[in-house]
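Right, one structure below, let's go through it.
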Amino acid sequence: MAKSVWVVDNSHSLVEFAVRHMMIATVKGRFTQVEGRIEVDPEDITGAYFEGSVPVASINTADSARDDHLRSADFFDAQNYPTLTFKSTKVERAGDGYKLTGDLTIRGVTKPVTFDLEFAGVGKDPWGNEKIGFSATGKINRKDFGLTWNAVLETGGVLVGEEVKIELHLEAARQA
């Protein structure tokens with residue numbers, strides 16, 4: 001099979017994150033909008049290219065006040081940096097899965113990141129459209145991207161952890 005272009009289906013995809021809160025709990029959030037494209041030969045994932053973006057405005061942590069704070073200049077600064085982006089630079093085999101490396105841009109700062117990548121397969125929906133699926137997990141230090149706001153707790157420690165776990169579940173439709 002030759003390399004083909006697939007467009008991410010927002011309604012069947014998920015970009016989620018998790019971060020420690022007060023050093024004792026984990027808060028999860030997601031971006032409700034995701035756009036992207038994948039160039040891949042399903043027979044050889046190592047030649048794949050991934051690119052995607054999420055609008056910061058679509059952040060949802062199930063707390064509107066927290067979401068507004070995350071959109072503010074204290075965190076993502078959505079007014080000046082409205083989009084998070086990722087562009088892959090390499091896909092390589094790693095055990096039963098793959099490693100996906102690329103450039104992640106948050107708040108105008110671009111850094112290389114590596115995700116564990118799982119190829120879920122290719123299938124046809126009931127209307128004959130060909131779909132492809134991938135999942136990826138990884139983590140970043142938010143301070144590396146200029147997300148440095150925090151508050152010191154009276155009991156010691158800080159309000160927001162530095163490590164952010166990222167999880168992606170992507171379904172994409174083959175383009176004719």
Side-chain angles (χ1 to χ4, degrees), residues 1-20 26 28-61 76 78 81-147 161-176:
M1 194 178 257
K3 192 181 270 192
S4 51
V5 176
W6 307 74
V7 175
V8 171
D9 177 352
N10 183 66
S11 65
H12 294 104
S13 297
L14 174 69
V15 175
E16 188 175 60
F17 61 91
V19 66
R20 291 298 238 163
T26 298
K28 285 191 166 192
R30 68 184 301 190
F31 292 93
T32 60
Q33 296 175 27
V34 58
E35 295 180 5
R37 61 189 284 279
I38 304 164
E39 295 175 20
V40 64
D41 173 353
E43 301 296 324
D44 182 14
I45 303 305
T46 60
Y49 173 75
F50 292 78
E51 70 177 24
S53 64
V54 295
V56 173
S58 74
I59 199 165
N60 183 338
T61 64
F76 289 107
Y81 306 101
T83 308
L84 311 179
T85 62
F86 177 81
K87 293 181 180 181
S88 71
T89 56
K90 176 172 55 172
V91 177
E92 56 192 345
R93 191 151 255 314
D96 292 340
Y98 301 88
K99 293 285 186 185
L100 169 64
T101 301
D103 295 324
L104 178 63
T105 302
I106 301 174
R107 200 179 160 121
V109 177
T110 302
K111 299 275 185 184
V113 298
T114 299
F115 294 96
D116 292 326
L117 179 68
E118 177 188 337
F119 173 47
V122 177
K124 284 194 178 182
D125 68 17
W127 302 274
N129 301 305
E130 198 169 8
K131 303 288 182 110
I132 195 167
F134 291 93
S135 294
T137 58
K139 57 187 172 183
I140 62 169
N141 184 317
R142 66 185 180 89
K143 288 186 171 185
D144 291 345
F145 294 90
L147 302 171
E162 291 181 16
E163 181 182 273
V164 180
K165 295 178 182 173
I166 300 170
E167 193 169 323
L168 308 162
H169 298 284
L170 303 174
E171 180 179 303
R174 185 180 186 141
Q175 296 304 286

Original post:
Does F145 reach the side chain of R107, with side-chain heavy atoms less than 4.5 Å apart?
Top reply: no
Original post:
Do F115 and S88 have side-chain heavy atoms sitting under 4.5 Å apart?
Top reply: no
**OP:** Classify the ring geometry between F50 and F134 as parallel (under 30°), tilted (30 to 60°) or perpendicular (over 60°).
**Re:** perpendicular
**OP:** Go through the side-chain N and O atoms of S53 and T85 and say whether any donor and acceptor fall under 3.5 Å apart.
**Re:** no
Original post:
In Å, rounded to the nearest 0.5 Å, how long is the span from CG of L84 to OG1 of T105?
Top reply: 9.0 Å
Original post:
Under 4.5 Å between any side-chain heavy atoms of Y81 and I106, yes or no?
Top reply: no
Original post:
Taking all atoms of both residues into account, what is the closest heavy-atom pair of Q33 and V54, and its distance?
Top reply: O-CG1, 3.2 Å
Subject >> Backbone N/O of G128 and side chain of E130: donor-acceptor pair under 3.5 Å >> reply: no
**OP:** For E39, look at atom CD and say whether over 12 heavy atoms of other residues, nucleotides or ligands are found less than 6.0 Å away.
**Re:** yes
Original post:
How many angstroms lie between CD in E92 and CG in L100, if you round to the nearest 0.5 Å?
Top reply: 10.0 Å
Original post:
Are T61 and F17 side-chain neighbours, meaning at least one heavy-atom pair lies under 4.5 Å?
Top reply: yes
**OP:** Write down the atom of V164, the atom of R142, and the distance for their closest heavy-atom approach.
**Re:** CG2-CB, 3.9 Å
Original post:
Within a strict 4.5 Å, meaning less than it, do heavy atoms of the V40 and F119 side chains meet?
Top reply: no
**OP:** Using a 4.5 Å cut-off on heavy atoms from C-beta on, say whether the side chain of P112 contacts that of T89.
**Re:** no
**OP:** Please report the closest heavy-atom contact between D125 and K131, naming both atoms and the distance.
**Re:** OD2-CE, 3.6 Å
**OP:** State the OG1-NE2 distance between T137 and H169, to the nearest 0.5 angstrom.
**Re:** 8.5 Å
Subject >> Donor-acceptor contact present, side-chain N10 to main-chain V34, <3.5 Å >> reply: yes
Original post:
Between K111 and D103, does at least one N-O distance fall below 4.0 Å, as a salt bridge requires?
Top reply: no
Original post:
Rounded to the nearest 0.5 Å, how far apart are OG of S135 and CD of E171?
Top reply: 11.0 Å
Original post:
Rounded to the nearest 0.5 Å, what separation is found between the CZ atom of R37 and the CD atom of E51?
Top reply: 5.0 Å
Subject >> Taking every non-hydrogen atom, the tightest pair across K99 and A94 >> reply: CG-CB, 3.6 Å
Subject >> CG-OG1 distance between L117 and T46, expressed to the nearest 0.5 angstrom >> reply: 11.0 Å
**OP:** Return the minimal non-hydrogen interatomic distance between F86 and T101, and the atom names on each side.
**Re:** CZ-C, 4.1 Å
Original post:
Which pair of heavy atoms, one from E16 and one from G29, lies closest together, and at what distance?
Top reply: CG-O, 3.1 Å
